[in-house]
Amino acid sequence: MDHRPLQPGDPAPAFSLPAVNRDGPVSLDDYRGKRAVLVALFRGLHCPFCRRQIARLSATRQALDEAGVETVAVVNTPLERARQYFQYRPTPLVLAADPEVRTHHAFGLGEASVLPDDTDPLQLKWPLTTSVAHFARLTTRSRPELPEAVNIFDAMQALNRQDAFEPTEADQQIAQAHGFQASGHFLIDAEGVIRWTFVEAPENAADVCRFPGDEEIVAAARAVARH
């Protein structure tokens, strides 16, 4: 599926999603005319890097709030499963569930189509297409969370073991349906205009599961607040 991730200066698409950790829906209109908002769009709970980034954003939330920015995290997980997980791992972030990745796609975040492993690598074009075998080779790298270089699939399994995370049937179904969905962070001003973006692995599959750091996000938030 071919998408163009939205960029600074683009209007943010309206969305309304069921809230995971509060009553009612989560909507971009909740913040329009009031405060800027960081919308972070993640894969499902099967992705340990996404779960850990949500935890990091939880720790960064106070600095963002002081900069005048609210934080909303959207997970590609069915609502009841998300509520089950975050009941035991609460977060101060506003959380929303989008099991069909409609919001991800509205912001221009694509999903790579997975082709057979015997596809000629020259015919594969990231981030539009890949194969499991090719993707495993490209994503074999050293990661600070792990003691040795492994591909992203092995890394996710190792981190799930570290986190004592056991995927449910719902997690497995989402992983099967949207395992190659891209993630992204979008900082939106109070008028609904995107002012800063961070899109995961836009050009190189080796950058999958690399997210912006706290300092980068807070600096962007302060820059938006100054304007």
Side-chain angles (χ1 to χ4, degrees), residues 3-45 47 50-80 82-83 85-87 89-110 181-200 202 211-227:
H3 288 272
R4 183 191 74 87
L6 297 184
Q7 298 297 317
D10 289 334
F15 65 85
S16 182
L17 297 167
V20 173
N21 54 352
R22 72 178 195 189
D23 294 331
V26 177
S27 170
L28 187 59
D29 285 343
D30 295 341
Y31 306 97
R32 190 178 297 274
K34 302 173 185 176
R35 301 191 84 191
V37 57
L38 175 70
V39 176
L41 301 160
F42 294 104
R43 282 179 293 281
L45 294 175
C47 174
C50 298
R51 298 195 309 267
R52 290 173 175 222
Q53 179 67 0
I54 290 171
R56 282 191 285 268
L57 282 177
S58 298
T60 310
R61 176 182 174 274
Q62 182 174 347
L64 291 173
D65 183 65
E66 291 171 355
V69 175
E70 299 285 350
T71 308
V72 173
V74 178
V75 290
N76 172 220
T77 296
L79 179 60
E80 291 308 314
R83 284 178 171 169
Y85 177 83
F86 286 104
Q87 178 182 358
R89 297 165 183 83
T91 171
L93 303 181
V94 175
L95 285 168
D98 187 352
E100 297 178 342
V101 291
R102 290 177 179 171
T103 312
H104 302 66
H105 292 177
F107 276 85
L109 298 175
Q181 172 64 52
S183 70
H185 295 57
F186 297 85
L187 187 55
I188 303 162
D189 69 18
E191 303 309 313
V193 177
I194 296 171
R195 295 303 180 188
W196 173 85
T197 67
F198 184 100
V199 176
E200 176 192 27
F211 299 119
D214 298 348
E215 292 182 0
E216 183 177 359
I217 294 172
V218 172
R222 289 172 176 164
V224 169
R226 287 196 296 271
H227 293 86

Would Gln53 and Glu200 count as a side chain to side chain contact (heavy atoms under 4.5 Å, CB included) if you check the C-alpha gap in whole Å, the side-chain angles of each, and the deciding distance to 0.1 Å? CA-CA 12 Å; Gln53 179 67 0; Glu200 176 192 27; over 6 Å; no
Exercise answer: donor-acceptor pairs, residues 65-72 side-chain atoms, under 3.5 Å, sequence neighbours excluded:
{"unit_1": "Asp65", "atom_1": "OD1", "unit_2": "Arg35", "atom_2": "NH1", "d": "2.8"}
{"unit_1": "Glu66", "atom_1": "OE2", "unit_2": "Gln62", "atom_2": "NE2", "d": "3.3"}
{"unit_1": "Glu70", "atom_1": "OE2", "unit_2": "Arg35", "atom_2": "NH1", "d": "2.7"}

Here the gap from Phe107 atom CZ to Arg102 atom CZ, rounded to the nearest 0.5 Å, amounts to 15.5 Å
Looking at every heavy atom in both Ala82 and Leu45, which two are closest together, and how far apart are they? CA-CD1, 4.2 Å
Is Arg52 reaching over with its side chain to a backbone N or O of Cys47, donor-acceptor style, under 3.5 angstrom? no
One pair to check against side chain to side chain contact (heavy atoms under 4.5 Å, CB included): Arg51 and Phe42. What are the steps and the verdict? CA-CA 9 Å; Arg51 298 195 309 267; Phe42 294 104; over 6 Å; no
Hey, could you give me the CG/CG distance between Asn21 and Leu93, rounded to the nearest 0.5 Å? 8.0 Å
Using modelled atom types only, decide if a donor and an acceptor are shared between the side chain of Arg195 and the backbone of Pro8 within a distance under 3.5 Å. no
Please find the pair of heavy atoms, one from Leu28 and one from Pro13, that lie closest to each other, and give the distance. CD2-O, 3.5 Å
Who pairs with Arg89 by salt bridge (charged side-chain N to carboxylate O under 4.0 Å, His left out), at least two apart in sequence or on another chain? none
Determine, step by step, whether Val218 and Leu64 satisfy the side chain to side chain contact (heavy atoms under 4.5 Å, CB included) criterion, reporting the C-alpha distance in whole Å, the side-chain angles of both residues, the deciding distance to 0.1 Å, and the verdict. CA-CA 6 Å; Val218 172; Leu64 291 173; 4.3 Å; yes
Restricting to non-hydrogen atoms, name the atom on Leu6 and the atom on Pro11 that form the minimum distance, rounded to 0.1 Å. CD1-O, 4.0 Å
Between the CZ atom in Phe86 and the CD1 atom in Ile54, the distance rounded to the nearest 0.5 Å is 4.0 Å
Return yes if some donor-acceptor pair links the side-chain N/O of Arg43 with the main-chain N/O of Gln181 below 3.5 Å, else return no. yes
Heavy-atom count around Arg56 CZ within 6.0 Å, excluding the residue itself: above 12? yes
Is there side-chain contact between Val74 and His104, with at least one heavy-atom pair below 4.5 Å? yes
So does Asn76 get a backbone contact from the side chain of Asp98, meaning a donor-acceptor N/O pair under 3.5 Å? no
Pairwise side-chain contact, Phe15 with Val39, heavy-atom cut-off 4.5 Å (strictly under): yes
With rounding to the nearest 0.5 Å, note down the distance linking CZ in Phe198 to CZ in Phe186. 11.0 Å
Side chain Asp214, main chain Thr60, donor-acceptor under 3.5 Å: no
Heavy-atom pair with the smallest gap, counting every atom of Val20 and Ala97: CG2-N, 3.8 Å
Do Thr197 and Asp10 have side chains that get closer than 4.5 Å, going by heavy atoms? no
Which heavy atom of Ala19 sits nearest a heavy atom of Val26, and at what distance? CB-CG2, 3.6 Å
Between Ile217 and Phe211, is a side chain to side chain contact (heavy atoms under 4.5 Å, CB included) present by the stated rule, with each step listed? CA-CA 10 Å; Ile217 294 172; Phe211 299 119; over 6 Å; no
Closest non-hydrogen contact found for Leu41 with Ser183 is O-CB, 3.0 Å
